[in-house]
Visitor: 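Dropping the structure in here first, questions after.
Only this structure's heavy atoms are used, side chains among them; waters, hydrogens and symmetry mates stay out.
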Amino acid sequence: MSETSAASEGARVVDGRPVPPAGTWVIDPAHSSFEFVARHLMAKVRGRFATFSGTAEIAEVPEQSSVHVELETASVDTREPTRDGHLKSPDFFDVEHYPKITFQSTAVRPGDEGVWKVDGDLTIRDVTRPVTFDLEFLGLGTDPWGNVRSGFSAATTVNREDWGLTWNAALETGGFLLAKEVRLEVETELLRK
């Protein structure tokens, strides 16, 4: 989206970058997704968390903004019930003891053209590690019911073993069943409160 079209829909331009108006914004679950992609043998498998919530505080100075997200681990869905059951077990998310995954931003800073860097603490199974998401602001508009919405896309790659998710199985041909690296992908619409 060009700066002109973003600004014409009500976005601000700060230091040459379009950003949403300042205020409190909440995630719209019906128009958002929190997904992960991991290599399993030779293929990539995609999963998602179906239940989540979150809030973004967009500041007048964008670098002072913050975001908080919670995902319910029991809502993990890879479209394969046996695999989902394993992911919910103590081998992975251990949903009985760790019902939530959380992300709390610690800094927002400009990245390459059109991208923001959102640093924060990602907590899985009570283990907290720093991560950085690449965030793209996709634009702003008003829906037919008068709600002001803004769109964002974000992604990062993490090593699952940093959070104690170390289960794996050796293959007869060498190597392991699951890759250590997992890509986290977020597509979200926020509603202005």
Side-chain angles (χ1 to χ4, degrees), residues 1-37 44 46-79 99-124 128 130-158 182-193:
M1 168 175 266
S2 71
E3 290 177 20
T4 305
S5 62
S8 69
E9 289 290 330
R12 306 176 286 151
V13 176
V14 178
D15 294 330
R17 293 170 175 265
V19 294
T24 300
W25 297 75
V26 295
I27 291 173
D28 177 3
H31 298 97
S32 301
S33 64
F34 289 82
E35 299 184 344
F36 56 91
V37 182
K44 289 182 180 177
R46 183 174 292 273
R48 69 184 185 105
F49 292 94
T51 305
F52 49 83
S53 61
T55 303
E57 296 291 341
I58 307 295
E60 287 293 338
V61 176
E63 291 84 350
Q64 296 173 0
S65 299
S66 65
V67 62
H68 178 80
V69 176
E70 292 187 355
L71 311 173
E72 291 189 17
T73 54
S75 73
V76 67
D77 176 18
T78 63
R79 297 178 299 144
K100 297 199 182 292
I101 293 171
T102 63
F103 175 80
Q104 176 62 55
S105 66
T106 56
V108 176
R109 54 198 166 86
D112 294 335
E113 185 177 343
V115 174
W116 292 87
K117 299 286 187 180
V118 180
D119 303 320
D121 292 328
L122 179 64
T123 302
I124 304 172
T128 301
V131 299
T132 299
F133 281 89
D134 289 331
L135 177 80
E136 183 182 0
F137 173 49
L138 303 177
L140 182 101
T142 302
D143 67 23
W145 301 275
N147 300 304
V148 179
R149 295 176 174 271
S150 59
F152 292 90
S153 181
T156 192
T157 299
V158 298
V182 178
R183 182 169 171 81
L184 308 179
E185 299 179 353
V186 179
E187 299 292 335
T188 187
E189 278 189 16
L190 301 181
L191 286 165
R192 190 173 187 186
K193 287 184 78 171

Visitor: Between Arg12 and Val14, is any pair of side-chain heavy atoms under 4.5 Å apart?
Guide: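 Yes, their side chains come closer than 4.5 Å.
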Visitor: List the atom pairs, donor and acceptor, that lie under 3.5 Å between side-chain atoms in residues 56-63 and the rest of the protein, sequence neighbours left out.
Guide:
| unit_1 | atom_1 | unit_2 | atom_2 | d |
| --- | --- | --- | --- | --- |
| Glu57 | OE1 | Thr24 | OG1 | 2.7 |
| Glu57 | OE2 | Thr24 | OG1 | 3.1 |

Visitor: How many angstroms lie between atom CH2 of Trp116 and atom CG of Asp134, to the nearest 0.5 angstrom?
Guide: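 Here the interatomic distance stands at 13.0 Å.
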Visitor: Which heavy atom in Val131 sits nearest to a heavy atom in Phe133, and how many Å separate them?
Guide: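 Closest approach of Val131 to Phe133, heavy atoms only: CG2-CE1, 3.9 Å.
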Visitor: Could you state the interatomic distance from OG (Ser105) to NZ (Lys117), rounded to the nearest 0.5 Å?
Guide: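 Here the interatomic distance stands at 15.5 Å.
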Visitor: Tell me, do Leu191 and Lys193 make a side-chain contact under 4.5 Å, heavy atoms counted?
Guide: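 No, too far: nothing below the 4.5 Å cut-off.
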Visitor: If you define the side chain from C-beta out and look only at heavy atoms, does anything of Gln104 sit under 4.5 Å from Thr106?
Guide: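 No. Closest side-chain heavy atoms not under 4.5 Å.
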Visitor: Distance from Glu189 atom CD to Asp28 atom CG, nearest 0.5 Å?
Guide: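 Output value for this atom pair is 6.0 Å.
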Visitor: Please find the pair of heavy atoms, one from Glu187 and one from Ser153, that lie closest to each other, and give the distance.
Guide: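 Where Glu187 meets Ser153 most closely, the heavy atoms are OE2-OG, 2.7 Å.
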Visitor: May I ask you to test the Phe52-Val186 pair for a side-chain heavy-atom distance under 4.5 Å?
Guide: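 The answer is no, as the side chains (C-beta and beyond) never meet within the 4.5 Å cut-off.
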Visitor: Are a donor atom and an acceptor atom from the side chains of Glu70 and Thr102 found within less than 3.5 Å of each other?
Guide: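 Per modelled atom types, Glu70 and Thr102 side chains form no pair under 3.5 Å.
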Visitor: How would you list, by chain and number, every residue that makes a side chain to side chain contact (heavy atoms under 4.5 Å, CB included) with Pro21, sequence neighbours excluded?
Guide: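 Counting only residues at least two positions away or on another chain, Pro21 forms a side chain to side chain contact (heavy atoms under 4.5 Å, CB included) with Trp25, Leu140, Arg192.
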Visitor: What pair of heavy atoms forms the shortest contact from Arg17 to Gly114, and how long is it?
Guide: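 That closest heavy-atom pairing would be NH1-N, 3.9 Å.
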Visitor: Search all heavy atoms of Ser32 against all heavy atoms of Thr188 and return the closest pair with its distance.
Guide: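 Taking every non-hydrogen atom into account, OG-OG1, 2.8 Å.
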Visitor: Would you indicate whether the side-chain heavy atoms of Arg149 and Leu190 approach each other to under 4.5 Å?
Guide: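 No; the side chains remain at least 4.5 Å from each other.
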Visitor: In chain order, what residues pass the ring pair (Phe, Tyr, Trp, His ring centres under 6.0 Å) check against Phe49, with sequence neighbours excluded?
Guide: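 Listed in chain order: Phe36, Phe93.
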Visitor: Can you run down the salt bridge (charged side-chain N to carboxylate O under 4.0 Å, His left out) pairs that involve residues 107-116, sequence neighbours left out, and say none if there aren't any?
Guide: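 Sorted pair list: Arg109-Asp119.
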Visitor: Could I get the full list of side chain to side chain contact (heavy atoms under 4.5 Å, CB included) partners for Arg183, not counting sequence neighbours?
Guide: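 Partners of Arg183 under the side chain to side chain contact (heavy atoms under 4.5 Å, CB included) test: Val37, Ala155, Thr157, Glu185.
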Visitor: Is it the case that the side chain of Ser150 and the backbone of Gly139 share a donor-acceptor pair, with hydrogens and angles ignored and the cut-off at 3.5 Å?
Guide: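 Absent.
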Visitor: Check salt bridge (charged side-chain N to carboxylate O under 4.0 Å, His left out) between Asp121 and all other residues, then give those that pass, not counting sequence neighbours.
Guide: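 For Asp121 there are no salt bridge (charged side-chain N to carboxylate O under 4.0 Å, His left out) partners, ignoring immediate neighbours.
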Visitor: Classify the ring geometry between Phe137 and Phe152 as parallel (under 30°), tilted (30 to 60°) or perpendicular (over 60°).
Guide: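 Rings of Phe137 and Phe152: tilted, as their planes differ by 30° to 60°.
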Visitor: Pick out which of Thr128, Ile101, Thr156 makes a side chain to side chain contact (heavy atoms under 4.5 Å, CB included) with Leu122.
Guide: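 It is Ile101, the one option of Thr128, Ile101, Thr156 that forms the side chain to side chain contact (heavy atoms under 4.5 Å, CB included) with Leu122.
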Visitor: Of the non-hydrogen atoms in Ala154 and Leu135, which two are nearest, and what is the gap between them?
Guide: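 Looking at all heavy atoms of both residues, the closest pair is CB-CD1, 3.8 Å.
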Visitor: Do Thr142 and Asn147 have side-chain heavy atoms sitting under 4.5 Å apart?
Guide: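 The answer is no; the side chains never approach within 4.5 Å.
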